[in-house]
Every structure is written in C-alpha cells, then in structure tokens.
Amino acid sequence: MDRLSEILIAKALDGLSMRASVIAQNIANANSQSYAPQKVTFEDELRAAANQGEDAVHRVEPRISEVEGRPAVGDMRLDLEMAGASQTSIRYAALVDILNRQMQIT
C-alpha cells in the first residue's frame with residue numbers, strides 16, 4: 001500500500017470516529033430541548049485533497065456542524081441516527097480490515 005493510501009485511511013478513520021461520537025451525542029440528547037443535533041463532514045474535502053497529494057490530505061480535518069432544519073424537540077429521527085451509526089460502524093470496520101490485510105501481507 002502506498003503512503004498516500006495509508007494517510008487517506010488514517011484520516012478517514014479519524015473522521016468516522018468523530019462521526020460515531022457525534023451520532024452518539026445526538027441519540028443521547030434526542031429529548032433535550034436545548035440540544036442542537038450535529039453532523040460530521042470530511043469525505044468531500046478528503047476526496048479533493050487526495051488529488052493534491054499527501055500534504056493536502058494531512059491538512060484535512062473533520063468538521064462538526066449543526067444539522068440544517070433542526071428538528072423540534074421529540075421530532076429527531078432516531079431511526080435515521082441509528083442507521084447513520086450503523087453505516088459509520090461498517091465503514092470503520094472495512095477500513096480497519098483493509099489495514100489489517102495490508103499488515104499481514106508485508
């Protein structure tokens with residue numbers, strides 16, 4: 001595996017880890033009146049940086065922002081949050097599996 005791929009995977013794992021944490025906070029605070037649901041974005045910026053090289057990838061940081069169109073108290077879609085948690089977990093496991101296989105090869 002080339003160095004750029006390793007850096008990309010590490011950055012993606014960082015972003016997915018942060019996303020898992022934010023989703024857990026969203027779920028835990030679903031019924032809190034003053035809580036604003038959040039989301040984590042990094043994929044588009046990481047994809048663009050990949051074409052610019054290692055230095056650009058190193059500069060990519062996941063971003064936390066409030067969910068647009070904030071739902072009213074009690075209207076948060078817990079099913080969608082749980083689906084997001086599941087999707088994040090699957091992506092994280094896939095990337096770890098890729099790293100594991102690479103380490104077994106070398």
Side-chain angles (χ1 to χ4, degrees):
M1 178 180 300
D2 64 2
R3 180 80 177 132
L4 179 59
S5 296
E6 291 175 5
I7 297 167
L8 282 167
I9 290 174
K11 284 292 186 173
L13 288 171
D14 290 345
L16 291 169
S17 177
M18 183 182 289
R19 179 173 290 150
S21 178
V22 166
I23 290 172
Q25 289 176 13
N26 288 346
I27 292 169
N29 291 292
N31 293 321
S32 299
Q33 291 183 349
S34 62
Y35 183 75
Q38 299 177 327
K39 65 180 180 177
V40 173
T41 56
F42 65 92
E43 289 95 336
D44 291 340
E45 189 177 347
L46 190 58
R47 190 175 298 113
N51 295 325
Q52 299 171 10
E54 291 180 22
D55 290 337
V57 173
H58 277 296
R59 290 189 298 270
V60 173
E61 294 297 328
R63 299 184 193 280
I64 298 175
S65 59
E66 286 189 12
V67 173
E68 294 175 14
R70 179 178 162 186
V73 176
D75 287 344
M76 184 184 299
R77 294 282 310 268
L78 288 179
D79 58 334
L80 295 179
E81 292 293 329
M82 293 299 293
S86 179
Q87 183 181 53
T88 299
S89 175
I90 290 168
R91 287 180 177 179
Y92 193 94
L95 290 175
V96 168
D97 186 53
I98 290 169
L99 287 178
N100 185 33
R101 290 174 191 250
Q102 182 62 30
M103 292 177 83
Q104 290 175 357
I105 291 171
T106 56

| task | With the side chain counted from C-beta on, respond yes when Leu99 and Leu13 share a heavy-atom pair under 4.5 Å apart, and no when they do not. | result | yes
| request: Would you check if Val22 and Lys39 make a side-chain contact, meaning some heavy-atom pair closer than 4.5 Å? | output: no
Report the distance from atom [atom1] of [X] to atom [atom2] of [Y], rounding to the nearest 0.5 Å.
X: Asn100; Y: Leu95; atom1: CG; atom2: CG; value: 12.5 Å
X: Thr88; Y: Ile23; atom1: OG1; atom2: CD1; value: 4.0 Å
X: Ile64; Y: Glu66; atom1: CD1; atom2: CD; value: 11.5 Å
X: Gln38; Y: Arg63; atom1: CD; atom2: CZ; value: 14.5 Å
X: Glu6; Y: Gln102; atom1: CD; atom2: CD; value: 7.0 Å
X: Ile27; Y: Glu81; atom1: CD1; atom2: CD; value: 6.0 Å

Closest non-hydrogen atom pair between [X] and [Y], with its separation:
X: Leu4; Y: Gly53; answer: CD1-C, 4.1 Å
X: Val60; Y: Ala49; answer: CG2-CB, 3.5 Å
X: Tyr35; Y: Asn26; answer: OH-OD1, 2.7 Å
X: Pro62; Y: Val40; answer: CB-CG1, 3.9 Å

| message | Could you see if Leu78 belongs to whatever hydrophobic cluster contains Leu80? Use Ile, Leu, Val, Met, Phe, Trp, Tyr and a side-chain cutoff under 4.5 Å. | response | no
| message | Do Met82 and Ile90 land in one hydrophobic cluster if side-chain heavy atoms of ILVMFWY residues count as linked below 4.5 Å? | response | no
| remark: Applying salt bridge (Lys or Arg N to Asp or Glu O under 4.0 Å) to Glu43 and not counting sequence neighbours gives Arg19, Arg91
| Are Arg59 and Asp55 close enough, and set up right, to give a salt bridge (charged side-chain N to carboxylate O under 4.0 Å, His left out), and what steps lead you there? | CA-CA 7 Å; Arg59 290 189 298 270; Asp55 290 337; 5.3 Å; no
| message | Tell me every residue that passes side-chain contact (heavy atoms from CB on, under 4.5 Å) with Ser5, counting only those two or more places apart in sequence or in another chain. | response | Met1, Asp2
| query | Do Lys11 side-chain atoms and Leu46 backbone N/O form a donor-acceptor pair below 3.5 Å? | reply | no
| query | With distance as the sole test, does Asn29 use its side chain to make a donor-acceptor pair with the main-chain N or O of Pro37 at under 3.5 Å? | reply | no
